[in-house]
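Numbers restart at 1 for each chain; the letters A, B, ... are given by sequence-line order, proteins then strands. On a predicted model such as this, the values are computed, not experimentally measured, just so you know.
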4 protein chains.
Amino acid sequence: MSEQRRGAVRSEASRVAILNATAALFAEKGYEHLSIEAIAAEAGVGKQTIYRWWPTKSALVAECMIEGFLMPGGAIPLNSGDIRSDLEAWVVAVFRFTEDPDNDVLIRSLVAAASDNGDIGRRLHDRLGASSELTERLAAAVRAGEVRPDLPIADVGEVLVGAVVLRILTREPTDEKLPTRLVDIVLGGPRPVA
Amino acid sequence: MSEQRRGAVRSEASRVAILNATAALFAEKGYEHLSIEAIAAEAGVGKQTIYRWWPTKSALVAECMIEGFLMPGGAIPLNSGDIRSDLEAWVVAVFRFTEDPDNDVLIRSLVAAASDNGDIGRRLHDRLGASSELTERLAAAVRAGEVRPDLPIADVGEVLVGAVVLRILTREPTDEKLPTRLVDIVLGGPRPVA
Amino acid sequence: MSEQRRGAVRSEASRVAILNATAALFAEKGYEHLSIEAIAAEAGVGKQTIYRWWPTKSALVAECMIEGFLMPGGAIPLNSGDIRSDLEAWVVAVFRFTEDPDNDVLIRSLVAAASDNGDIGRRLHDRLGASSELTERLAAAVRAGEVRPDLPIADVGEVLVGAVVLRILTREPTDEKLPTRLVDIVLGGPRPVA
Amino acid sequence: MSEQRRGAVRSEASRVAILNATAALFAEKGYEHLSIEAIAAEAGVGKQTIYRWWPTKSALVAECMIEGFLMPGGAIPLNSGDIRSDLEAWVVAVFRFTEDPDNDVLIRSLVAAASDNGDIGRRLHDRLGASSELTERLAAAVRAGEVRPDLPIADVGEVLVGAVVLRILTREPTDEKLPTRLVDIVLGGPRPVA
DNA sequence: GTGTAATCGAGACGGTACGTCTAGTCTTCGT
DNA sequence: ACGAAGACTAGACGTACCGTCTCGATTACAC
């Protein structure tokens, strides 16, 4: 009944070698100077093995992200009970990550890759932090009455990640008060002094 | 005494022809498939004339932006006296521009180009609207007492543009309430009903 | 155990197309204005396919000669029993060939190419006639007692071909008695009148 | 009344600098890799100054030869009273010159240049020795009854030089008996033993 | 076992574009 | 007017990769 498969099966070893090689070369050379030939050579694999399973360079990079070969887990906001300091800590962590020179080429290349491939954009978005954990933390703040109840929490994460991405694109250096100011903006004013 | 200049002077005609050709091909093919050879051919110019004056493809694109060959003037917020509707109108205008399929490749390519070249990032940022006009409008709102006096107005534009850029990268479709929600976020809550 | 051969095998069709194109363009443009790009285009072949198999332009031309794409078979001396008239006829034939305007660029270009590549020099030498056939004819003359028995027959052909090549280089026009005089020189004096 | 000449006159310093630069680069790089740009740079001269006075690269090289910038004076045959040893000595001298590795590129490049420019061919021919001095020496031998009176002496020099040029083109190594054999050929047999 | 089919590493193929070099012309300024 | 400096259009150089294809070896199911 069912479609029968004959012949050799896909080599997992090759698949992983390719993803590893892609990640290594991506971080080293950036998206624009990443070449399929170099990946194949680095992975010890024929070019056709890559073309057989991935339609484009961007799909390959996307799978690297999905499988976690490219970026560490996103920043996860803590819940200390104080939404302001938690958000600030999270923003600081994200900026710290993006400003590390080791991650510089990586992040910028991801932005370039994202402009080719929506999946990469979504993954980048998630990994920078605007994932369920952040939404969760904001929802908790709503429940605790820390923030106004009609705050569009889903959008807040995006706004913050967007600010980060824009800083990457403009190379504007961040000053140390910036996280506080961003949190002020999205939470509607500075922490009450009282 | 003074530095001597001899030999023929730079040809303005060639310079403009190159920028025009770059802009035309950029909009048509996108950043990644933009080739120096095609630009030279389109401009009726030797390749060396390009390499003589611009070190990289991204520098050439950056000059295109600076000289206004690539994008129309940024969105300029009106001052109707109502900061909320003015900001919303501006956000809507920006989204409308980026969502026009004619501008789609252009914008995404600009993001890719910006990842190579900070100048392009800055220009993109300005042209999308986070320029002095927006800051001006927000300052006016502060003076008029429309918004809380300690709003970090310089950051507000960035936050909004960042949200737009992120939408571009994730291909998340925008719903029609989004402008309102974004304005709510940055102005600290919805318009009072009273 | 044995050396493994993997990957696709060299395309004979491409090889022949390249040699044909080289021969055609060489005869048309001459060695100095022969370009690899034009050969590749004419042969319908990627440039890399040429660079993969031939290190230099002159090696390519040399293979053309070796495979007989460039010049017709050398002049072959007859054996009428009279060594003088046979040699004269052969010299006349060689001069006639070199003086034909159709062959002019070809020959001069071959001389230029030979200055880059000894193989071409040797082939040119052979094709102009100083090959085994000429040596054979002279050996027969020695055996028949037509010429002095200690004549260094191997050198005679070279001397004659050398005279031809020099005429080519100096563009000195040949007078019709020249073949006779050359044969006189190498055979040690004019034909006895008796 | 008379034609007036106005403006600066041709700079002899530039002319000589250009010829010197040409000779130096010719000997260093060979004819094929000799570029007008490099000559201009080496001579400290604008390209136009070269193009103004010489139509082609080969004309420039030809003038270098004519002015003696490229090759030393030709070999001059002595008159010891013995035509055989004088000719042999001359052939040996010519071969020695051409076989010196320092002259190797030079000579081969001259052959290449000659294929472009008849003047260079003629000069090469003369400088290698087939000039009036050689003809003179042979005429003296005729007068002295050393050689047969009807020897076409003008052609003998060409034949010898031709043999040398052919050796250059085929890279055939010369054996030490070759000069003797060549003289045997042109003088009609070996030296009588008696 | 013996086919049949799919995968693999390797690498040649027709191409496009790279960034560099040189040709030969033209323009500007200094002498 | 001539010469240096050097920008200009044009186009070949040799290299790097593209995505496709062909090769021989290997693997695994179907018969």
Side-chain angles (χ1 to χ4, degrees), chain A residues 4-11 13-15 17 33-41 43-53 55-57, chain B residues 4-11 13-15 17 33-41 43-53 55-57, chain C residues 4-11 13-15 17 33-41 43-53 55-57, chain D residues 4-11 13-15 17 33-41 43-53 55-57:
Chain A
Q4 285 287 38
R5 270 282 285 103
R6 287 201 301 182
V9 87
R10 178 172 186 181
S11 157
S14 290
R15 189 183 143 270
H33 301 106
L34 182 66
S35 82
I36 299 283
E37 297 224 315
I39 294 172
V45 136
K47 282 200 290 178
Q48 199 55 251
T49 303
I50 298 180
Y51 285 111
R52 190 157 21 236
W53 302 108
T56 60
K57 193 166 73 172
Chain B
Q4 289 274 71
R5 262 292 284 111
R6 288 205 292 190
V9 89
R10 178 170 185 182
S11 158
S14 290
R15 189 183 141 269
H33 302 106
L34 182 66
S35 82
I36 300 281
E37 299 224 314
I39 294 171
V45 138
K47 280 200 290 177
Q48 202 55 44
T49 301
I50 299 180
Y51 285 112
R52 186 154 30 236
W53 302 109
T56 59
K57 197 166 70 172
Chain C
Q4 289 270 76
R5 261 295 285 112
R6 291 203 291 188
V9 89
R10 178 170 184 183
S11 157
S14 290
R15 191 183 140 268
H33 302 105
L34 182 66
S35 84
I36 299 281
E37 297 223 316
I39 294 171
V45 138
K47 281 201 287 178
Q48 201 56 41
T49 302
I50 299 180
Y51 285 111
R52 188 155 27 236
W53 301 109
T56 60
K57 197 166 68 171
Chain D
Q4 286 282 49
R5 273 282 285 104
R6 287 199 303 179
V9 87
R10 177 170 185 184
S11 157
S14 290
R15 192 183 140 269
H33 301 107
L34 182 68
S35 82
I36 299 281
E37 299 225 313
I39 294 171
V45 138
K47 282 200 291 178
Q48 198 54 251
T49 304
I50 298 179
Y51 284 111
R52 191 154 20 234
W53 302 108
T56 61
K57 194 167 71 171

TODO: Examine C/R15 relative to C/W53 and say whether NZ or CZ is less than 6.0 Å from the centre of the six-membered ring and inside a 45° cone about the ring axis.
DONE: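 No - C/R15 does not lie over the ring of C/W53 by the 6.0 Å and 45° rule.
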Expressed in angstrom and rounded to an integer, what is the separation of [X] atom [atom1] from [N] atom [atom2]?
{"X": "C/W53", "N": "E/dA12", "atom1": "CH2", "atom2": "P", "result": "5 Å"}
{"X": "A/E37", "N": "E/dA12", "atom1": "CD", "atom2": "P", "result": "11 Å"}
{"X": "B/L34", "N": "E/dT16", "atom1": "CG", "atom2": "P", "result": "17 Å"}
{"X": "D/I36", "N": "E/dT25", "atom1": "CD1", "atom2": "C1'", "result": "14 Å"}
{"X": "B/Y51", "N": "F/dT9", "atom1": "OH", "atom2": "C1'", "result": "16 Å"}
{"X": "D/H33", "N": "E/dA23", "atom1": "NE2", "atom2": "P", "result": "12 Å"}
{"X": "A/I50", "N": "E/dA10", "atom1": "CD1", "atom2": "C1'", "result": "13 Å"}
{"X": "D/I39", "N": "E/dA23", "atom1": "CD1", "atom2": "C1'", "result": "12 Å"}

Task: Heavy-atom side-chain contact between D/K47 and D/I50 under 4.5 Å - done: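 Side-chain contact under 4.5 Å: no.
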Open item on the list: Is it the case that F/dG11 (base atoms only) and B/K47 (side chain only) share a donor and an acceptor within less than 3.5 Å, ignoring hydrogens and angles?
Closed with: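 Check fails, no donor-acceptor contact within cut-off.
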Open item on the list: Would the base of E/dC21 count as contacting B/Q48 through its side chain, where contact means a donor and an acceptor less than 3.5 Å apart?
Closed with: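 Pair found.
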Open item on the list: If you compare every side-chain N and O of D/T49 against the phosphate oxygens of F/dG3 (OP1, OP2), does one of them come in below 4.0 Å?
Closed with: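 No.
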Task: Residue whose nearest DNA chain F nucleotide is more 5′ - C/K57 or B/R52 - done: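 That would be B/R52.
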TODO: Name the residue closer to the 5' end of DNA chain F, choosing between A/S35 and B/G46 according to the nucleotide with the nearest heavy atom.
DONE: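 Its nucleotide being nearer the 5' end, the pick is B/G46.
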TODO: Taking all non-hydrogen atoms of both residues into account, name the closest pair between C/A40 and C/G46 and its distance.
DONE: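 Distance-wise, the nearest heavy atoms are CB-C, 4.3 Å.
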Task: Where C/A43 and C/A17 come nearest, the two heavy atoms and their spacing - done: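 The pair with the smallest heavy-atom distance is CB-O, 3.5 Å.
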Task: Separation between OG1 of C/T56 and CD1 of C/I36, rounded to the nearest 0.5 Å - done: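 The distance works out to 8.0 Å.
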TODO: Let me know, please, whether C/S11 or B/G7 comes out on the 5' side of the other along DNA chain E by nearest nucleotide.
DONE: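 Of the two residues, C/S11 wins.
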- [ ] Consider the side chain of D/S14, meaning its heavy atoms from C-beta on, and name the nucleotide among F/dG3, F/dC8, E/dC13 that approaches it most closely.
- [x]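 So the side chain of D/S14 is nearest to F/dG3.
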